[in-house]
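Note that this is a predicted model, so its numbers are computed, not measured. Residues: numbered from 1 along the sequence shown.
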Amino acid sequence: MRFRTTIVGMFMAVAATIACGLAQAVSAFEASQTVAGTPLVLNGAGTRYRAVFKVYDMALYVKSKASNVNAIMDMPGPKRINFVALRDLPGTDLGTAFLRGIESNSPKSQTQKHVASTLRLIDIFSGKSRLMPGDAFAMEFIPGKGTTFFIDGKAQGAPVGDAEFFGMVLRIWLGESPVDWKLKDALLGLEGK
């Protein structure tokens, strides 16, 4: 009986540690942001893992909370995704990973249509030799203007693409083949439900 109680206690301590770690990922981001004069709310946040290693924390901001991918994709108005690197990330690797995520979640005809915008995404991250732990980057969509990429709060050139392109970018994490299923649930606010 005592052995069983010890095992249950250890399990509860591990579960509490994991829950605390998840809460820290969410608390690292502001509860709201304003993009192009539009207030956005934090829909969800989580950590991208590759195997057992933490890669980056990520947050999704939209006009109103939604736990359904289609509702987020169809939601009018600006959207923003924020990231904080948790490990040394070569820029080229990050750009290539984003490209693979787009290709895995979008039809070929759509990816071909947005080649120029996709290449710009890759160029931005390839142009930065490394992102170090704590470095922040973001992607912000404004209807009628396109997607602007930010590294450490600085815009990286003019906006590119349209709503369809930003949807392709979001599908890296929210698509049918997301890079991380737990992160997808966290961004949709489903983690722990």
Side-chain angles (χ1 to χ4, degrees), residues 24-50 54-66 72-73 75-102 105 114 117-175 178-180 183-184 186-189:
Q24 287 175 349
V26 172
S27 65
F29 296 101
E30 297 173 16
S32 63
Q33 293 203 341
T34 301
V35 174
T38 303
L40 303 179
V41 296
L42 177 65
N43 198 74
T47 302
R48 162 73 169 114
Y49 285 87
R50 186 177 299 146
K54 292 180 178 182
V55 182
Y56 52 78
D57 282 341
M58 179 180 177
L60 171 63
Y61 293 90
V62 292
K63 282 177 65 174
S64 58
K65 285 192 174 207
I72 289 172
M73 295 296 181
M75 194 176 295
K79 296 177 179 78
R80 183 175 172 97
I81 44 181
N82 287 358
F83 306 83
V84 176
L86 298 176
R87 59 184 300 131
D88 185 343
L89 299 171
T92 304
D93 291 357
L94 195 57
T96 303
F98 288 164
L99 175 62
R100 280 195 308 266
I102 287 172
N105 289 285
H114 295 283
S117 298
T118 303
L119 289 176
R120 181 69 186 129
L121 169 66
I122 294 166
D123 286 345
I124 286 166
F125 290 102
S126 296
K128 176 121 171 115
S129 61
R130 308 193 95 55
L131 290 168
M132 302 304 289
D135 282 352
F137 54 105
M139 297 176 208
E140 183 176 278
F141 171 71
I142 299 174
K145 289 191 175 182
T147 300
T148 303
F149 306 103
F150 297 86
I151 297 179
D152 287 327
K154 295 178 185 159
Q156 305 295 303
V160 298
D162 57 12
E164 184 177 70
F165 173 70
F166 192 75
M168 289 169 51
V169 171
L170 277 180
R171 282 188 198 93
I172 296 170
W173 301 278
L174 300 181
V179 296
D180 185 317
L183 179 55
K184 177 178 178 175
L187 295 174
L188 293 173

Could you measure the distance from the [atom1] atom of [X] to the [atom2] atom of [Y]? Nearest 0.5 Å is fine.
X: S117; Y: F166; atom1: OG; atom2: CZ; answer: 12.5 Å
X: I172; Y: M58; atom1: CD1; atom2: CE; answer: 8.0 Å
X: F83; Y: L94; atom1: CZ; atom2: CG; answer: 8.0 Å
X: I142; Y: T38; atom1: CD1; atom2: OG1; answer: 8.5 Å
X: L183; Y: D57; atom1: CG; atom2: CG; answer: 9.0 Å
X: M168; Y: M73; atom1: CE; atom2: CE; answer: 11.0 Å

Is any side-chain heavy atom of [X] closer than 4.5 Å to a side-chain heavy atom of [Y]?
X: V62; Y: L40; answer: no
X: L187; Y: I81; answer: no
X: V160; Y: L121; answer: no
X: V55; Y: D180; answer: no
X: I151; Y: D135; answer: no
X: F165; Y: R120; answer: no

Can you see which heavy atom on [X] is nearest to which on [Y], and at what distance?
X: G77; Y: K63; value: CA-CD, 3.9 Å
X: G101; Y: N105; value: O-ND2, 2.9 Å
X: G46; Y: A186; value: CA-CB, 3.9 Å
X: G37; Y: P39; value: O-CD, 3.7 Å
X: N43; Y: A66; value: OD1-N, 2.7 Å

Counterpart residues, side chain to side chain contact (heavy atoms under 4.5 Å, CB included), relative to [X] (two or more places apart):
X: P143; result: P78, F141
X: L99; result: E103, T118, I122
X: V84; result: F29

Checking the side chain of [X] only, and the main-chain atoms of [Y] only, is there a donor and an acceptor separated by less than 3.5 Å?
X: K54; Y: R87; answer: no
X: Y61; Y: E30; answer: yes
X: N82; Y: A138; answer: no

What pairs meet the side chain to side chain donor-acceptor pair (under 3.5 Å) rule with one or both residues in [range], with sequence neighbours excluded?
range: residues 138-148; value: R80-E140
range: residues 88-98; value: D88-R130
range: residues 151-173; value: Y56-W173, Q110-E164, K113-E164, H114-E164

